4 protein chains.
Amino acid sequence: MSPHKAPDSSRRSDRSRRAICDAALSLVGEVGYARTTIEGIAARAGVGKQTIYRWWPSKAAVLMEAFTDEGARRSADVEGVGVAEDGELGIPDTGDLAADLKLVLRATVDGLNDPAAAAPTRALTAEGIMDPALGAQFVENLLEPQLQLYVTRLRAAQEAGEVREDIDPRVALELLVAPLTHRWLLRTLPLTHAYADAVVDHALRGLSVRP
Amino acid sequence: MSPHKAPDSSRRSDRSRRAICDAALSLVGEVGYARTTIEGIAARAGVGKQTIYRWWPSKAAVLMEAFTDEGARRSADVEGVGVAEDGELGIPDTGDLAADLKLVLRATVDGLNDPAAAAPTRALTAEGIMDPALGAQFVENLLEPQLQLYVTRLRAAQEAGEVREDIDPRVALELLVAPLTHRWLLRTLPLTHAYADAVVDHALRGLSVRP
Amino acid sequence: MSPHKAPDSSRRSDRSRRAICDAALSLVGEVGYARTTIEGIAARAGVGKQTIYRWWPSKAAVLMEAFTDEGARRSADVEGVGVAEDGELGIPDTGDLAADLKLVLRATVDGLNDPAAAAPTRALTAEGIMDPALGAQFVENLLEPQLQLYVTRLRAAQEAGEVREDIDPRVALELLVAPLTHRWLLRTLPLTHAYADAVVDHALRGLSVRP
Amino acid sequence: MSPHKAPDSSRRSDRSRRAICDAALSLVGEVGYARTTIEGIAARAGVGKQTIYRWWPSKAAVLMEAFTDEGARRSADVEGVGVAEDGELGIPDTGDLAADLKLVLRATVDGLNDPAAAAPTRALTAEGIMDPALGAQFVENLLEPQLQLYVTRLRAAQEAGEVREDIDPRVALELLVAPLTHRWLLRTLPLTHAYADAVVDHALRGLSVRP
DNA sequence: TCATAAACGAGACGGTACGTCGAGTCTTCGG
DNA sequence: CCGAAGACTCGACGTACCGTCTCGTTTATGA
């Protein structure tokens, strides 16, 4: 069915896989995404080009996996802690939804404003915009898990009577998150803590005057 | 000061400029952004490559100008009409903000869901995400004028007493527009009329229960 | 040490090498040396440009090798004949040096006067004049072997008592050959059989009156 | 007859002409012939490219004229001296042909061995080898006048009884000059005073044993 | 325990496009 | 109204990477 026989993944060299991911990450950090090449990754990893082409369809896919890996490794480092200590591991629930959201969104703002950390994510996002398959992977592996945390927190708020029952948490979350993403990706206006607060306030209280 | 002396733009051939923009637009339409090359544009335009490199720094910049030009030409075509006939020329004001926004956002959804029309915009957006200079141009020339229409409409609603006085129209607009952009760019979930309506309803009424 | 690592010549594709040489020779024959380009050679040979740049430093070097190759192939064709049948394979020795030299130099005149055959040699010679490295290769591979034949014949004439003992064969040979080369390259005056004869006569008998 | 109307040479700006020649000579001296370009000459001369194309067919032709000019200027500088003081202004006649020729040819050797002085001549010669029209100009303007000096001297030697009557001075001169040119252009072996002497001796006395 | 088949490193290959250079032509403007 | 200035089309340059394709060389079972 497939024009080429699939490689036997049980024989795959994990040493090469890791070296490739590491090389990809470091190169993106050093020269940026656009000037990172498959040849460069292979050279830095001490690997034949074919070993990359055998297992990944594109440079972006390599980076995708490198990112996912890195995330998994970081998660593993804190496994068993039992308590979320930052936005990545759950949104706090102090009973004050506005405060909790502001805390998390301010942290998000800080993360997005760090140029070194965010540049590769930005590149990967842009690539995912053009390449649907890659974009789907990006959303599934990196974005959606984050967004689900908002769903969870918003449902809790509904049960606590803080949020109206007729609210769709999935839509609500996008009201909160999309504006930050918008400013981050398109650079229309500065992305600040004040903006994060304003988004939360506007979203929670609504635009309309009270009926 | 500059490493290369700037060309004298008063001597610029407008015939070449237009041919290049036309060729760029048609090529992007035919083969997509990624497979459009500077050489291809030059060949189709019957122009030397150097004439492109003399005036534009990148393929994306050519397309940027081609888009802006096209927009300007379309605007010129309807000049003097006096009445906005679609969302690009102003948001209607029937006195019912929710209805007006739904109308416009549904039209936006339709535009974004048209693959042929939206693909080049998507590519240009992605390119602007990676290249700040280009992104700034994109925002200034194409995006911001659209967003200002929302500001205008929201201010009118404030004056009409439909929208609370303590709302910042700039933030409010992003609450409405960013979620659509988010789904369009990241393809997290389908972009439908129902979603546009839900965004408007959630944004206007707010998430919180009434105090 | 070297700015670029040398390619591994054991992996070199001989098929490509031959195709490139053949293409180069045929192109020079068809359009002349100046209008032969590396791109043209690559295209005609069905080869990537890089494959030429990997192994040769210049267009002239390609032709140099093509010429040498062709010479080697022609020599191989007549191997085992045992008897020289033309000037390229040795200067005849009939005991009459003047007659032998006239024979050979007349043949040389004919070769140099054939425009099709001599044009590439002329181009290569001119290129070698400007580029010392190439010139050295030209002399070593193509010219010097020819000149040695004269040394051999002149030594035989010395042993036979035809030529004075105090003559340096290397200088003598240049007295015979350089005038023809001079007229051929610089086109001062026509290059004829009569001229070849005159050169031999003048050189053998000397300019001075008898003491 | 000509496809383009010939420019009116009476209107020609001599200031431009000189500036172009000067620029050409200085550029060839600084960066070599191959890397001297028409654009470079025009820029250095403060002249439009068209002003060069109007009056010369090629880079080589510009240099040709520049050289001729320079030669004429140098000759003018010593006009009226009445006595030739070097090979360029006539071959001395002391009554000893061998000595006179050695003197001149040694001076020629020195000139040809000076890399700075000879490089442009070498380039022009090479160009003349490939381009017959240019070569004819080179021979007529620069080479032939030099060679005629040898004819003159050799005829004097014939009249003085030093040289045999049946010698053709034109052939004889080539016996003397061509070997030096040969070594100079093709770099087969070093070009030394000893070689110049050997050429004179071999040519005057001949190769054959006395009958 | 070894043979054997796969993945591996290395890198040459045919290609495409890059961005630059210069050729020679054409146009504009200033003295 | 000539000529400087330089923008134009064109073609080739030499480079960078692409993705494919051999080459030997590990390596890791399964016969």
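Each chain gets a letter, A, B and so on, in the order its sequence line appears, and its residues count up from 1. None of the values given here were measured: they were computed from a predicted structure.
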When you measure from the side-chain N and O atoms of [X] to the phosphate of [N], is any distance below 4.0 Å, counting only OP1 and OP2?
| X | N | answer |
| --- | --- | --- |
| B/Trp55 | F/dC8 | yes |
| C/Thr37 | F/dG11 | no |
| B/Arg11 | E/dT27 | no |
| D/Ser13 | F/dC2 | no |

query: Using 4.0 Å as the upper bound for N to carboxylate O, is an ion pair formed by D/Arg18 and D/Glu65?
result: no

field: Lys/Arg N to Asp/Glu carboxylate O, C/Arg17 vs C/Asp69, below 4.0 Å
entry: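 Looking at C/Arg17 and C/Asp69, the cut-off is met.
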
message: Using a heavy-atom cut-off of 4.0 Å across all strands, would you classify D/Ser16 as base, sugar-phosphate, or nothing?
response: sugar-phosphate

- prompt: Which part of the nucleic acid, if any, lies within reach of B/Gly40 when heavy atoms closer than 4.0 Å are counted: base, sugar-phosphate only, or nothing?
  reply: nothing

- prompt: What nucleotide, of F/dC8, F/dC17, E/dA12, holds the atom closest to the side chain of B/Arg12?
  reply: F/dC8

query: Is the base of E/dC13 touched by the side chain of C/Gln50 through a donor-acceptor pair closer than 3.5 angstrom?
result: no

- prompt: Does the E/dG24 base have a donor-acceptor partner in the side chain of D/Lys49 within less than 3.5 Å?
  reply: yes

Between [X] ([atom1]) and [N] ([atom2]), how many Å, whole number?
| X | N | atom1 | atom2 | answer |
| --- | --- | --- | --- | --- |
| D/Asp131 | E/dA23 | CG | C1' | 16 Å |
| D/Arg35 | F/dC13 | CZ | P | 17 Å |
| A/Lys59 | F/dC18 | NZ | P | 7 Å |
| C/Glu39 | E/dC21 | CD | P | 17 Å |

message: Here's one to test your reading of the geometry: is the NZ or CZ of B/Arg12 within 45 degrees of the ring axis of B/Trp56 and under 6.0 Å from its centre?
response: yes

task: Search all heavy atoms of C/Leu124 against all heavy atoms of C/Leu134 and return the closest pair with its distance.
output: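 Between these two residues, the closest heavy atoms are O-CD2, 4.5 Å.
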
